[in-house]
Novice: 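Submitted below is the structure of interest, expressed as structure tokens.
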Amino acid sequence: DVNFRFITITEKSFEVPDVEHRHGYWSIFVFLNGDGRHVIDFKEVAINPGSIHIVLPGQIHALHGGDGFFAYALIFTEEFFLMRDETTQLLMRLFRFMDAGEAAAFDINDDDRNYFSSVLQLIKLENESHHANKGTVLLNLLSVFISKCSTALQLPQLPANTSNSLEYIQLRHAVEKNFKKVHTVAEYSEMRHLTPKRINELCRSHTGRTALEFIHARIVVEAKRMLKFSNRPLKQIAFDLHFTDTAHFANFFKQKAGCTPLEFKEAK
């Protein structure tokens, strides 16, 4: 229900070798024991005890570990992390860094080891709980954890020659700013002065989705947010998201979410 998972990875996890693959969710790997290598897009990053690696949706990656391997993985959907403006901004800082081609990986220094360990244990305990506000607490703890990661990464400004990454970030910003009113690839093409083909290339290479799938996913996230966290009637939500009428919005939502807006709103 909270689109979050806490997973333990041991040497037994590699009885069947991992192969390069991509996910539609965020993953934060915290390596505690053993060593190995981690392929993230076009880079191979060493796995050391006390290192943290972040993999965003659409990135290709593969884990390779050996004897005595032990790690935790925090897995969460982007939808989960887009529930608040402040966490959305935090996520965008990582996008600006990771879309520039950098691997979000670092070793925990001695000063921060206890800090990361404490927050990680709180996340583990909360994930195992059955509290009514479990999702909210997990989001708070995850925000703290990633904020500390952002500090440790010392996120730099993007270099001027990463044109592909800059195009993608600018497109993502345009979608984030205009998704309520702008629903088509053609409109973003005109807005960004890029061909529809180019926009699709950018979205596929960075997210694994077509441009239209990416735009629709952002609309669905906002629709779910409105359904779950506001008392707006369906007609108002449809109007806010610039659908022609309630029926059009309901059909769109069911097609993308697999259930009607009412079913989603009433789901526990």
Side-chain angles (χ1 to χ4, degrees), residues 2-14 18 23 25-41 43-57 59 61-84 86-100 102-129 131 133-156:
V2 297
N3 300 313
F4 178 90
R5 294 178 66 194
F6 190 103
I7 295 174
T8 300
I9 305 171
T10 68
E11 60 184 273
K12 292 183 179 179
S13 304
F14 303 105
D18 197 11
H23 302 292
Y25 46 76
W26 284 77
S27 305
I28 301 178
F29 298 92
V30 185
F31 302 105
L32 303 174
N33 192 54
D35 53 21
R37 55 192 180 90
H38 192 186
V39 177
I40 305 175
D41 279 340
K43 295 188 177 183
E44 186 172 293
V45 185
I47 294 174
N48 301 307
S51 60
I52 294 178
H53 300 178
I54 302 174
V55 178
L56 57 73
Q59 279 194 306
H61 86 112
L63 276 176
H64 304 282
D67 295 341
F69 193 91
F70 189 84
Y72 290 130
L74 311 178
I75 293 174
F76 55 96
T77 62
E78 192 164 307
E79 174 186 82
F80 178 57
F81 213 62
L82 289 175
M83 289 295 182
R84 298 178 189 159
E86 60 270 25
T87 49
T88 298
Q89 292 301 314
L90 181 56
L91 203 61
M92 286 306 301
R93 288 187 64 201
L94 283 168
F95 271 126
R96 290 185 179 94
F97 178 68
M98 298 169 78
D99 290 346
E102 298 295 331
F106 62 95
D107 293 327
I108 304 172
N109 62 43
D110 292 338
D111 293 338
D112 290 338
R113 189 175 298 275
N114 289 337
Y115 187 99
F116 275 108
S117 178
S118 297
V119 177
L120 193 64
Q121 288 305 311
L122 288 172
I123 292 173
K124 185 174 185 295
L125 287 171
E126 188 61 36
N127 187 62
E128 295 169 350
S129 76
H131 300 152
N133 62 340
K134 173 179 175 177
T136 300
V137 176
L138 281 172
L139 182 55
N140 290 337
L141 291 170
L142 186 62
S143 299
V144 170
F145 193 89
I146 295 179
S147 292
K148 194 67 173 178
C149 290
S150 298
T151 301
L153 285 167
Q154 299 179 336
L155 302 184

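Positions are given from 1, in the same order as the sequence printed here.
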Novice: Is the closest side-chain heavy-atom distance between Phe145 and Leu122 below 4.5 Å?
Specialist: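 No. Closest side-chain heavy atoms not under 4.5 Å.
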Novice: Within the supplied structure, the quantity of interest is the number of heavy atoms (other residues, nucleotides, ligands) at a distance under 6.0 Å from Arg5 CZ; does it exceed 12?
Specialist: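 No, not enclosed.
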Novice: Could you tell me whether the side chain of Ile28 reaches within less than 4.5 Å of the side chain of Tyr72, counting heavy atoms only?
Specialist: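 SC-SC contact between Tyr72 and Ile28 ruled out.
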Novice: Just how far is it from atom CG of Leu139 to atom CG of Asn3, taken to the nearest 0.5 Å?
Specialist: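 Nearest 0.5 Å value for the CG-CG distance: 11.0 Å.
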Novice: Main chain of Gly68, side chain of Glu11: is a donor-acceptor contact present, judged purely on distance under 3.5 Å?
Specialist: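 A pair under 3.5 Å: yes.
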Novice: Would you check if there is a donor-acceptor pair between the side chains of Ser118 and Gln121 at a distance under 3.5 Å?
Specialist: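 The answer is no; no qualifying pair exists.
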Novice: Please report the closest heavy-atom contact between Asp112 and Ile108, naming both atoms and the distance.
Specialist: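 Distance-wise, the nearest heavy atoms are C-CG2, 3.7 Å.
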Novice: Would you give the length of the straight line joining atom CZ of Phe76 to atom OH of Tyr25, rounded to the nearest 0.5 angstrom?
Specialist: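 Here the rounded value is 12.0 Å.
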Novice: Take the angle between the ring planes of Phe69 and Phe14 and call it parallel below 30°, perpendicular above 60°, tilted in between.
Specialist: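 Taking Phe14 first and then Phe69, their aromatic rings stand perpendicular (interplane angle over 60°).
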Novice: His61 versus Phe29: any side-chain heavy-atom pair under 4.5 Å?
Specialist: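 Yes, close enough: below the 4.5 Å cut-off.
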Novice: Within the distance-only criterion (no hydrogens, no angle test), does the side chain of Asn48 pair as donor or acceptor with the backbone N or O of Ser51 below 3.5 angstrom?
Specialist: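 Pair absent, no side-chain N/O of Asn48 close to backbone of Ser51.
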Novice: Using side chain to side chain contact (heavy atoms under 4.5 Å, CB included), reason through Leu63 and Ile47 one step at a time and then give a plain yes or no.
Specialist: CA-CA 9 Å; Leu63 276 176; Ile47 294 174; 3.7 Å; yes
Novice: For residues Ser129 and Lys134, report the shortest heavy-atom separation together with the two atoms involved.
Specialist: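 Minimum heavy-atom separation between Ser129 and Lys134: O-NZ, 3.4 Å.
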Novice: Any idea which heavy atoms bring Ile9 and Ser13 closest together, and the distance?
Specialist: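 Heavy atoms only, the tightest pair is CG2-OG, 3.6 Å.
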Novice: Please indicate whether Asp67 has more than 12 foreign heavy atoms, meaning atoms of other residues, nucleotides or ligands, lying under 6.0 Å from its CG.
Specialist: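 No, the 6.0 Å shell around CG holds no more than 12 heavy atoms from other groups.
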Novice: A side-chain contact here means heavy atoms from C-beta on lying under 4.5 Å apart; do Glu126 and Ile123 qualify?
Specialist: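 The answer is no; the side chains never approach within 4.5 Å.
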Novice: Look only at the side chain of Ser117 and the backbone of Asn114, and say whether a donor-acceptor pair between them is shorter than 3.5 Å.
Specialist: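 No, the answer is negative, given that no donor and acceptor are paired below the 3.5 Å cut-off.
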Novice: Would you give the length of the straight line joining atom CZ of Phe4 to atom CG of Leu138, rounded to the nearest 0.5 angstrom?
Specialist: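 Answer rounded to 0.5 Å: 5.0 Å.
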Novice: Taking all atoms of both residues into account, what is the closest heavy-atom pair of Ile75 and Ser27, and its distance?
Specialist: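 Where Ile75 meets Ser27 most closely, the heavy atoms are CG1-OG, 4.0 Å.
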Novice: State, yes or no, whether a side-chain contact exists between Val30 and Phe116 at a heavy-atom distance under 4.5 Å.
Specialist: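 The answer is no; the side chains never approach within 4.5 Å.
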Novice: Rounded at 0.5 Å granularity, tell me how far OG1 in Thr136 sits from CG in Leu141.
Specialist: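 So the OG1 of Thr136 and the CG of Leu141 are separated by 11.0 Å.
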Novice: Compare every heavy atom of Asn127 with every heavy atom of Phe6, then report the nearest pair and how far apart it is.
Specialist: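 Phe6 and Asn127 have their closest heavy atoms at CB-ND2, 3.2 Å.
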Novice: So which heavy atom on His53 is nearest to which on Ala105, and how close?
Specialist: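 So the two residues come closest at CD2-CB, 3.2 Å.
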Novice: Give a yes or no answer on whether the side chain of Asn33 reaches the backbone of Phe70 with a donor-acceptor pair at less than 3.5 Å.
Specialist: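 Side chain of Asn33 to backbone of Phe70, a donor-acceptor pair under 3.5 Å: no, none is there.
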